[in-house]
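Right, one structure below, let's go through it.
In this text, all values refer to a predicted model and were calculated from it rather than measured experimentally.
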Amino acid sequence: MVLADRLRVHRENKGLSQAAVADQLNVSRQSVSKWETGKGYPDIDNLVLLSKIYEVSIDELVQENEVLKKKIEENNQTIDDHRRKLDWIHNQGIGDKDEGLLLLIAVIGLSVAAPLGLFLAPIIMKRNKKSNTFYMLINIVSVCCILINLYFTFIMVGDYLLWNQRIEVNYTPDS
């Protein structure tokens with residue numbers, strides 16, 4: 001709020017007319033009108049008298065509202081933040097490379113490469129960004145890749161340790 005607005009608001013709050021204020025200051029009503037419309041400014045002596053008439057400090061009359069300034073600054077910052085977010089959404093992170101298809105092909109290829117898929121599928125999931133085209137599909141396929149690799153690894157370890165092998169013993173009668 002500028003000085004002119006503050007002068008008018010304080011005068012109206014006291015219930016005084018421009019003419020009544022002008023009489024107390026020994027100036028014309030037109031001078032008070034010019035101060036309240038921003039076409040002129042009262043001198044320091046009249047500012048002191050105005051502060052006494054309106055029962056406010058000179059600081060309150062002259063200084064701008066700091067709370068309002070801070071609120072405006074916060075709003076401008078919020079607007080800038082929202083504008084940056086909207087620009088990013090609009091551009092869909094075009095500045096970043098979209099690795100979606102490459103990651104999807106890699107994780108599908110790792111599905112049959114046990115036990116390598118157990119180690120690389122979580123790395124692919126970590127590298128996957130929300131801005132990638134196949135974000136959800138890559139995560140789903142990565143989880144499936146881990147499960148498939150767990151199964152194949154179990155089978156490979158079982159074969160190595162000779163699990164589930166039947167040993168047949170043939171008894172031949174001694175005759």
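Side-chain contact between R11 and L7: absent, with no pair of heavy atoms (C-beta onward) separated by less than 4.5 Å. Residues N149 and I146 are not in side-chain contact: their nearest non-hydrogen atoms beyond the backbone lie 4.5 Å or more apart. Looking at heavy atoms from C-beta onward, T133 lies out of side-chain contact with L101 at the 4.5 angstrom threshold. For the pair S142/L103, no side-chain contact is recorded, criterion being any heavy-atom separation below 4.5 Å from C-beta on.
Of the options L137, I138, V143, a side-chain contact (heavy atoms from CB on, under 4.5 Å) to V141 is made by L137 and by none of the others.
For N128 (side chain) and I124 (main-chain N/O), no donor-acceptor pair under 3.5 Å exists by modelled atom type. N132 contributes no side-chain N or O that, together with a main-chain N or O of Y135, makes up a donor-acceptor pair within less than 3.5 Å. Using a distance-only test at 3.5 Å, with no hydrogens or angles considered, no donor-acceptor pair links the side chain of R29 to the main chain of Q18.
The hydrophobic clustering, which links ILVMFWY residues whose side-chain heavy atoms are closer than 4.5 Å, places L104 and I123 together. The hydrophobic cluster containing I105 does not contain V112, counting ILVMFWY residues as joined when their side-chain heavy atoms lie under 4.5 angstrom apart, directly or transitively. Transitive grouping of hydrophobic side chains (ILVMFWY, heavy atoms separated by less than 4.5 Å) keeps L86 and I79 in distinct clusters. In terms of hydrophobic clustering, with Ile, Leu, Val, Met, Phe, Trp and Tyr side chains grouped at heavy-atom distances under 4.5 Å, L120 and I108 are assigned to a common cluster. F154 and Y160 fall within a single hydrophobic cluster, where Ile, Leu, Val, Met, Phe, Trp and Tyr side chains are chained together by heavy-atom contacts under 4.5 Å.
With respect to R83 and D80, a salt bridge is recorded, a charged nitrogen being found less than 4.0 Å from a carboxylate O.
Nearest approach of A4 to W35, heavy atoms of both residues: CB-O, 3.2 Å. Taking every heavy atom of both residues into account, A121 and L110 meet most closely at N-CD1, 4.3 Å. The two residues P42 and L3 come nearest to each other via the heavy atoms CD-CD2, 4.3 Å. Nearest approach of G117 to P122, heavy atoms of both residues: O-CD, 4.1 Å.
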Practice task
List the steps and the verdict of side-chain contact (heavy atoms from CB on, under 4.5 Å) for Q24 and V21.
Solution key: CA-CA 5 Å; Q24 291 181 18; V21 172; 5.9 Å; no
Handout entry: Full working for salt bridge (Lys or Arg N to Asp or Glu O under 4.0 Å) between D81 and R84
Key = CA-CA 5 Å; D81 291 343; R84 277 193 297 270; 2.3 Å; yes
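Interatomic distance, CE of M125 versus CZ of R127, reported as 15.0 Å (0.5 Å rounding). Annotation: the span from M136 atom CE to K130 atom NZ amounts to 9.5 Å, rounded to 0.5 Å. Between the CG atom of L150 and the CD1 atom of I155 there is a distance of 11.5 Å, given to the nearest 0.5 Å. Atom CD1 of I53 and atom NE2 of H10 lie 13.0 Å apart (nearest 0.5 Å). In this structure, the separation between CD on Q30 and OG1 on T37 is 11.5 Å, given to the nearest 0.5 Å. Rounded to the nearest 0.5 Å, atoms CG (L49) and CD1 (I58) are 9.0 Å apart.
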